[in-house]
Colleague: 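Could you have a look at this structure, given as structure tokens, before my questions?
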Amino acid sequence: MKYDHIQIEKKWQEYWDKNKTFKTPDLNEIDKSKPKYYVLDMLPYPSGDGLHVGHPEGYTATDIISRYKRMKGFNVLHPMGWDAFGLPAEQYAIKKEINPKIGVEECVKRFREQLKSLGLSYDWDREINTTDEKYYKWTQWMFLKVYNSYFDEKEKKAKPISELHVPEELSEKEKYEYINSQRLAFISESPVNWCPELGTVLANEEVPEQLEKGFTVVRRPMKQWKLRITKYAQRLLEDLDSVNWPLSVKKLQTNWIGRSEGAIVKFKVKSKTLNDEREIEVFTTRPDTLFGATYMVLAPEHKLIPEITTDACKDKIEKYIEAASRKSDLERTELVKDKTGEFTGAYAINPVNRKEIPIWISDYVLTSYGTGAIMSVPGHDERDMEFATKFKLEIIPVVIPEKYKDTGIMKLKEEGSPEIIIAGKGVEALHGESKEFHDYLEDVKNGKTCFTDEGYSINSGFISGLQTGEAIAKMNNWLEENGLGKKSINYKLRDWLFSRQRYWGEPFPIVHFDDGTFKSLDESELPVTLPMVKSYKASGTGESPLAAISEWVNTTDKATGKPVKRETNTMPQWAGSCWYYLRYIDPLNDRIFCDKEKDNYWMPVDLYIGGAEHAVLHLLYARFWHKILYDLGYVNHNEPFTVLFNQGMILGEDGVKMSKSRGNVINPDDVIRDYGADSMRLFEMFMGPLEATKPWSTEGIGGMSRFLNRVWRLVIDDRTGEIKSNVTNEKPSEAELRILHKAIKKITFDIEDGDMKFNTSIAQMMIMVNDAYKLEKISKELIEKFLLLLYPFAPHFCEELWEKLGNKPSMQNQPWPEWDDAYAKNDLITVTFSVNGKMRSKKEVELDTDEKNLEQYAMDDPIILKHILGKDIIKIIVVKNRMVNIVVK
RNA sequence: GCCCGAGUGGCGGAAUUGGUAGACGCGCAGGACUUAAAAUCCUGUUGCCUGUAAGGGCAGUAUCGGUUCGAUUCCGAUCUCGGGCACCA
């Protein structure tokens, strides 16, 4: 009987299902003396197209680890579920003209079948679906927790809003507003990323992906829900140190959070339109360049603009603001290389030298970063220089590179007049002495050179002559002493835009009163379910389709009996996946999202595998939610995922990304039908390290199927289907033990080291099989041990042979084999002999032959003798168990 | 422009820590079995030069240079590709 993958895989999948082989018992039934291991795959989004070959790659890796860890005696949690709210599911449903709920059911069914056909060892009793109301009830519950919390600046953590100190003297309305302004979930009216094609707003993190798909994204002021993730910027940054994640992902998150240290500086405004003096605050990372600030620029959205603009400039300014507001982000950045701007007619006073400097507006200053205003130091900032050159604004060099330190600073310090290099004596003094330095200063003044690095201050009064670091420190002190500014830290990270104007998402547990106020629902009123409707297409007006369903929107406030309208925005796709890993731990609990004791046992996740595309989106959001839950005491750990691993992409056979339009998509169903799930699993692991991007190969998987057939025929007689006659019950011979123990050692190391390089494990198994074929007879014990090694990789195949050899299923209960170094090591080792570093000869010697003998062997070697004949031996290097190198002249 | 990561045969990829470059697989070539094919098994497979042959020589891990007895591995510069960020003051 030949190896029949279709029949065998079906048989064992049914067996595992029926016997619940991979069920993880509830906490009170578990043997707690064993260590735990939580292996998690990133929650898949079931699409209409089904799986592609990229999905099983990561899933196979986690499956290997799961099966291995169970054999090693761990309690393993290895669950699977579905992330199904959001745009793709909704777009799919629109295309098919069905309700998304129906569409999701279809896709999930298909995905589940496909995953099962891969023989993955999930505990299917813990399956979750983010669109199930029993699930999203808790997503809404968590939103309430976020909404009903504020961030305590002293303790740097979230606390219940009931603990917030509200000033007594405020009126009721002011109190309401004050509390709302402190909540971690809040409504804000600000420019957001509006995507007209999708009819919804997008989070900053989502914009690049949609632009890549060819959608447009424009800035548009809208009232939206946001989550105050910025309060957690510092913790999200710091705690990256405590997790074992790929450096690239840490780097990505670090850049996204974008911490920068600097100072806030206050500039007084001098304007004809104002009687009192107003102040403009700016953020700068280089307070040492304050003496070089020759003008200011405000973002077009800056609040002070209407107040300070002079009548003469009003028209032009208003026009500019109008034009800027209509530009998309893309237009404001990439497409427009030329700087634009307008003069307000107003001036500010540079606090360090009392100089009057003009105030401009320009869209190169972003309203959402820092204070929305900058001081311009054109000599030392490329953007400022570009602007200054275009509008003919003054440029003063205030920092010089290290190489001019001596010619510049030292010399002038001796003369006691460090700050007058530009005019008068300073320049005179330099003439003839250092033309190069003089030319450098001229280039800066003329806008030809821009020096943005650190160096030494010049033309800067009390900080002239200081190195940048010292200059910054001294300036910061000066600012603080004079009440003109202070040290400050800024982050690029913005608050998370949390509402979408679409149907297919979690409704907010919020209701609005007629007077414009709103309140959250009580926990007992959850879940707020999505109404089943016919038309759920995006209205495109900026309003959710839910707004049109009056019988859903209009309801009554439980507490007051007043008529209220439900919030009609829905939550973004990421909401459900922010906490799913907690639900797996306690999926049926209807009292709480996850029992705290169970959380304490299973969390944190020991291994988390998924694609790199989630580096900032999901992984940042999930960490943020987890920290809030931690602060409020619902979970026991600060970070959810201890180890993260990114699997690489699988490309088409042509070496480019798989896509329908290219026609290079490989369907796993076909592969499993033709070669079997075991061959596919093995091949995906054999293609290369898990993290690498690598092309698919149909011929390659044929080779893997050949390998399994070779193993099969090693044991089974093809014609009779019986165990082959040369398989004996004798103990393995020494030769057999040698090939076995080497393989056990290699494979155990490969799995344990966490590099996810299973290609070498499989190579080792192939070597073992090749060696076994050379034996006259084979011990049954050897084959059984080999099957245990192969089992995590090709489980159906191994279960079948295991059973055929007379053993009881399942192999899952067998312990992982141990190796003995006495057999894993080679007794004989090949040592190479080199002359002048060039390998000339080699010899087999016993392991650990001492250096003296090795040297003697080399000197006795006729080939070596030939190469050193008639030459002087300068040096002999001997490395035990490796080589001898003779240096001659 | 800035920040990561990677460049090894025809291809995917191996090479503890600086110590035999190319494990294992694919492909290809030759052979065995077969009436034939498929399947299977065996042999060979970095390039160039040399030899009837066994063999021998030289070059070779993107390029150039450095450290070293010895470099795919360490250091410096350059090139190419992939990923991320991009007026963040």
Side-chain angles (χ1 to χ4, degrees), chain A residues 2 208 246-256 258-260 262 282-286 289 293 297 329 332-334 336-337 339 362-366 368-377 380-384 386-387 452 490-494 612-613 615-616 646 648-649 651 653 655 682-683 686-689 691-704 706-707 709-710 713 718 749 757 759-767 769-770 773 829-842 863 874-888:
Chain A
K2 291 202 162 142
L247 215 68
S248 61
V249 177
K250 287 191 183 189
K251 211 63 192 197
L252 245 46
Q253 292 212 354
T254 305
N255 289 344
W256 191 263
R259 179 192 152 106
S260 53
V282 300
F283 173 73
T284 175
T285 52
R286 290 294 296 271
T289 62
V297 188
D329 257 15
R332 276 178 71 154
T333 56
E334 276 170 77
V336 185
K337 283 193 178 136
K339 295 252 182 307
S362 171
D363 61 9
Y364 87 88
V365 174
L366 307 173
S368 46
Y369 182 77
T371 61
I374 61 159
M375 64 176 209
S376 245
V377 185
H380 306 286
D381 182 291
E382 275 166 20
R383 298 150 302 178
D384 294 347
E386 202 188 314
F387 192 82
T452 57
N490 244 294
Y491 299 90
K492 282 207 281 189
L493 185 70
R494 313 287 157 84
E613 67 273 16
V616 278
N646 291 131
M649 225 190 333
L651 305 172
E653 283 201 86
L682 273 170
F683 181 61
F686 187 65
M687 290 192 322
E691 64 190 327
T693 300
K694 53 232 157 195
W696 181 260
S697 161
T698 299
E699 274 160 348
I701 192 165
M704 199 49 71
R706 239 175 348 250
F707 166 68
N709 272 294
R710 245 168 99 74
R713 288 194 311 269
D718 254 2
F749 267 93
K757 292 181 181 173
N759 49 336
T760 51
S761 311
I762 297 165
Q764 191 62 49
M765 288 191 253
M766 288 171 166
I767 292 170
V769 171
N770 290 343
Y773 260 94
I829 277 203
T830 307
V831 168
T832 59
F833 301 146
S834 308
V835 178
N836 285 346
K838 228 167 228 163
M839 206 268 283
R840 294 296 178 185
S841 182
K842 50 193 167 184
I863 300 169
I874 293 176
K875 202 187 204 181
I876 299 173
I877 294 127
V878 184
V879 181
K880 212 175 184 180
N881 296 331
R882 294 232 179 258
M883 46 75 65
V884 178
N885 186 21
I886 301 165
V887 186
V888 295

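Sequence lines set the chain letters: A, B, ... in the order given, protein chains first and strands last, and positions in each chain run from 1. None of the values given here were measured: they were computed from a predicted structure.
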Colleague: Which nucleotide in the set B:C87, B:C26, B:U20 lies at the smallest distance from any side-chain heavy atom of A:K842?
Modeller: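 The listed nucleotide nearest to A:K842's side chain is B:U20.
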Colleague: Starting at CD of A:E699 and ending at P of B:G27, how long is that distance when rounded to a whole Å?
Modeller: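 Roughly 5 Å, once rounded to whole Å.
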Colleague: Show me the protein contacts with nucleotides 3-8 of chain B, counting only N or O atoms at under 3.5 Å.
Modeller:
none

Colleague: Could you give the distance separating B:A77 and B:G70 at their P atoms, to the nearest angstrom?
Modeller: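 Between the two P atoms, the distance is 23 Å.
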Colleague: Write down the distance separating the P atoms in B:A6 and B:A14, rounded off to the nearest Å.
Modeller: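 Approximately 12 Å lies between the P atom of B:A6 and that of B:A14.
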Colleague: In whole Å, what is the span from the CH2 atom of A:W256 to the P atom of B:C85?
Modeller: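 Whole-Å distance recorded here is 6 Å.
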Colleague: Would you mind classifying the nucleic acid contact of A:G258 as base, sugar-phosphate or nothing, using non-hydrogen atoms under 4.0 angstrom?
Modeller: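 No contact.
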Colleague: Kindly say whether A:R710 contributes a backbone atom to a donor-acceptor pair with the side chain of A:Y773 at under 3.5 angstrom?
Modeller: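 Yes.
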Colleague: For A:N770, answer base if it contacts any base atom (sugar-phosphate contacts may also be present), sugar-phosphate if it contacts only those atoms, and nothing otherwise; contact means non-hydrogen atoms under 4.0 Å.
Modeller: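 Result for A:N770 = sugar-phosphate.
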Colleague: List every contact pair, protein side and nucleotides 56-59 of chain B side both N or O, where the distance is under 3.5 Å.
Modeller:
residue	atom	partner	partner atom	Å
B:C58	OP2	A:R840	NH1	3.4
B:A59	OP2	A:K838	NZ	3.4

Colleague: Nearest whole angstrom, please: distance from the C1' of B:C41 to the CG of A:N709.
Modeller: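 Rounded to whole Å, this separation is 14 Å.
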Colleague: Could you tell me if A:E382 and A:T452 have a donor-acceptor pair between their side chains, going purely by distance under 3.5 Å?
Modeller: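 Judged by distance alone, the side chains do not pair up.
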Colleague: If you check the A:A763 side chain, which of B:C24, B:G19, B:A89 turns out closest?
Modeller: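 Given the options B:C24, B:G19, B:A89, the side chain of A:A763 is closest to B:C24.
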Colleague: What's the OH-C1' distance between A:Y364 and B:A89, to the nearest Å?
Modeller: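 Checked: the OH to C1' distance equals 8 Å.
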Colleague: Measure all distances between protein nitrogen or oxygen atoms and nitrogen or oxygen atoms of nucleotides 68-75 of chain B, and list the pairs falling under 3.5 Å.
Modeller:
residue	atom	partner	partner atom	Å
B:C69	OP1	A:K875	NZ	3.3
B:C69	O2'	A:N885	ND2	3.3
B:C69	O2	A:N885	ND2	2.5

Colleague: Closest-nucleotide mapping onto RNA chain B: is A:T830 or A:R286 further toward the 5' terminus? I mean the 5' end.
Modeller: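 Its nearest nucleotide being more 5', the pick is A:T830.
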Colleague: Take atom CD of A:E382 and atom P of B:G1, then tell me their distance rounded to the nearest Å.
Modeller: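 Checked: the CD to P distance equals 11 Å.
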Colleague: Is there a donor-acceptor pair under 3.5 Å between the side chain of A:K694 and the backbone N or O of A:P689?
Modeller: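 Judged by distance alone, yes, a pair lies under 3.5 Å.
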Colleague: Crowded around A:K250 NZ? As in, over 12 foreign heavy atoms under 6.0 Å?
Modeller: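 Yes.
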Colleague: What does A:I374 touch in the nucleic acid at a heavy-atom separation under 4.0 angstrom: a base, only the sugar-phosphate, or nothing?
Modeller: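 Base: the residue A:I374, judged by heavy atoms under 4.0 Å, touches a nucleobase.
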Colleague: Residues in salt bridge (charged side-chain N to carboxylate O under 4.0 Å, His left out) with A:R259, at least two apart?
Modeller: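 Per chain and number, A:R259 pairs via salt bridge (charged side-chain N to carboxylate O under 4.0 Å, His left out) with A:E261.
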Colleague: What's the gap between B:A54 and B:G18 when it is taken at their C1' atoms, as a whole Å value?
Modeller: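 Nearest-Å result for B:A54 against B:G18 at atom C1': 35 Å.
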Colleague: For the C1' atoms, the ones on B:U52 and on B:U46, what distance do you get once it is rounded to whole angstrom?
Modeller: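 So the two C1' atoms sit 25 Å from each other.
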Colleague: I'd like to check the salt bridge (charged side-chain N to carboxylate O under 4.0 Å, His left out) partners of A:K492; sequence neighbours left out, ordered by chain and number.
Modeller: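 So A:K492 forms no salt bridge (charged side-chain N to carboxylate O under 4.0 Å, His left out) with any residue.
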Colleague: Decide, for B:G9, between syn and anti: a glycosidic angle within 90° of 0 counts as syn, anything else as anti.
Modeller: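 Because its glycosidic torsion lies within 90° of 0, B:G9 adopts the syn conformation.
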Colleague: Sequence neighbours excluded, which residues qualify as side-chain contact (heavy atoms from CB on, under 4.5 Å) partners of A:A612?
Modeller: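 For A:A612 the side-chain contact (heavy atoms from CB on, under 4.5 Å) partners, ignoring immediate neighbours, are A:N646.
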Colleague: Going by the rule side-chain contact (heavy atoms from CB on, under 4.5 Å), which residues pair with A:R494 if we only count those two or more places apart in sequence or in a different chain?
Modeller: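 Residues passing side-chain contact (heavy atoms from CB on, under 4.5 Å) with A:R494: A:N204, A:S368, A:Y369.
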Colleague: Please give the distance between the C1' atoms of B:A38 and B:C33 as a whole number of Å.
Modeller: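 Taking atom C1' in both B:A38 and B:C33, they lie 12 Å apart.
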Colleague: Nearest to the side chain of A:M839, heavy atoms from C-beta on, is which of B:U20, B:A89, B:A23?
Modeller: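 So the nucleotide nearest the side chain must be B:U20.
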Colleague: Would you please name every residue forming a side-chain contact (heavy atoms from CB on, under 4.5 Å) with A:V879, sequence neighbours left out?
Modeller: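 So A:V879 forms a side-chain contact (heavy atoms from CB on, under 4.5 Å) with A:I877, A:R882, A:M883.
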Colleague: When you compare B:G10 with B:C4, how far apart are their C1' atoms, in angstrom units rounded to a whole number?
Modeller: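 Taking atom C1' in both B:G10 and B:C4, they lie 32 Å apart.
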Colleague: Atom CH2 in A:W256, atom CD in A:Q253: separation rounded to 0.5 Å?
Modeller: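 Reported value, rounded in 0.5 Å steps: 11.0 Å.
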Colleague: List the residues meeting side-chain contact (heavy atoms from CB on, under 4.5 Å) with A:A615, not counting sequence neighbours, and say none if there are none.
Modeller: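 side-chain contact (heavy atoms from CB on, under 4.5 Å) list for A:A615, sorted by chain: A:V249, A:L252.
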Colleague: Check every strand shown and say whether A:T832 touches a base, only sugar-phosphate, or nothing at a heavy-atom separation below 4.0 Å.
Modeller: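 Here A:T832 touches the bases of the nucleic acid.
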Colleague: Using a 4.0 Å heavy-atom cut-off to protein, can you give one letter per nucleotide of nucleotides 11-17 of chain B, 5' to 3': B if the base is in contact, S if only the sugar-phosphate is, - if neither?
Modeller: -BSS-BB
Colleague: Please list every stem that involves RNA chain B, where a stem is a run of 3 or more consecutive Watson-Crick or G-U wobble pairs with both pairing distances under 3.5 Å.
Modeller: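 RNA chain B stems, ordered by first number: B:1-7 with B:79-85, B:10-12 with B:24-26, B:27-32 with B:40-45, B:46-50 with B:55-59, B:62-66 with B:74-78.
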Colleague: Is there a donor-acceptor pair closer than 3.5 Å between any side-chain N or O of A:N490 and the backbone N or O of A:S260?
Modeller: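 Absent.
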Colleague: Can you tell me how far P of B:U40 sits from CZ of A:F707, to the nearest Å?
Modeller: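 Nearest whole value for this atom pair: 14 Å.
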Colleague: For A:L682 and B:C24, give me the distance from atom CG to atom P, rounded to whole Å.
Modeller: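 After rounding, the gap between these two atoms is 17 Å.
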Colleague: Using only side-chain N and O atoms of A:R713, determine if any of them is under 4.0 Å from OP1 or OP2 of B:A39.
Modeller: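 It does not, given that no N or O in the side chain of A:R713 lies less than 4.0 Å from OP1 or OP2 of B:A39.
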Colleague: Using the C1' atom on both, measure B:C69 against B:G82 and round to a whole Å.
Modeller: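 Between the two C1' atoms, the distance is 38 Å.
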Colleague: From B:C87, B:A89, B:G84, pick the nucleotide closest to the side chain of A:L252?
Modeller: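 Of the options given, the side chain of A:L252 lies nearest B:G84.
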Colleague: With sequence neighbours left out, write down each residue that passes salt bridge (charged side-chain N to carboxylate O under 4.0 Å, His left out) with A:D381, or none if nothing qualifies.
Modeller: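 In terms of salt bridge (charged side-chain N to carboxylate O under 4.0 Å, His left out), with neighbours along the sequence ignored, A:D381 is linked to A:R383.
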Colleague: Using a heavy-atom cut-off of under 4.0 Å over every strand shown, decide if A:S260 touches base, sugar-phosphate, or nothing.
Modeller: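 Since only primed, P, OP1 and OP2 atoms lie under 4.0 Å of A:S260, the category is sugar-phosphate.
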Colleague: P atom, B:U20 versus B:A15: distance in rounded Å?
Modeller: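 Nearest-Å result for B:U20 against B:A15 at atom P: 13 Å.
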Colleague: Indicate whether OP1 or OP2 belonging to B:C41 is found under 4.0 Å from a side-chain N or O atom of A:Y773.
Modeller: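 Checking B:C41 against A:Y773, no side-chain N or O comes under 4.0 Å of OP1 or OP2.
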Colleague: B:C41 C1' sits how many Å from A:R710 CZ, rounded?
Modeller: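 About 9 Å, once rounded to whole Å.
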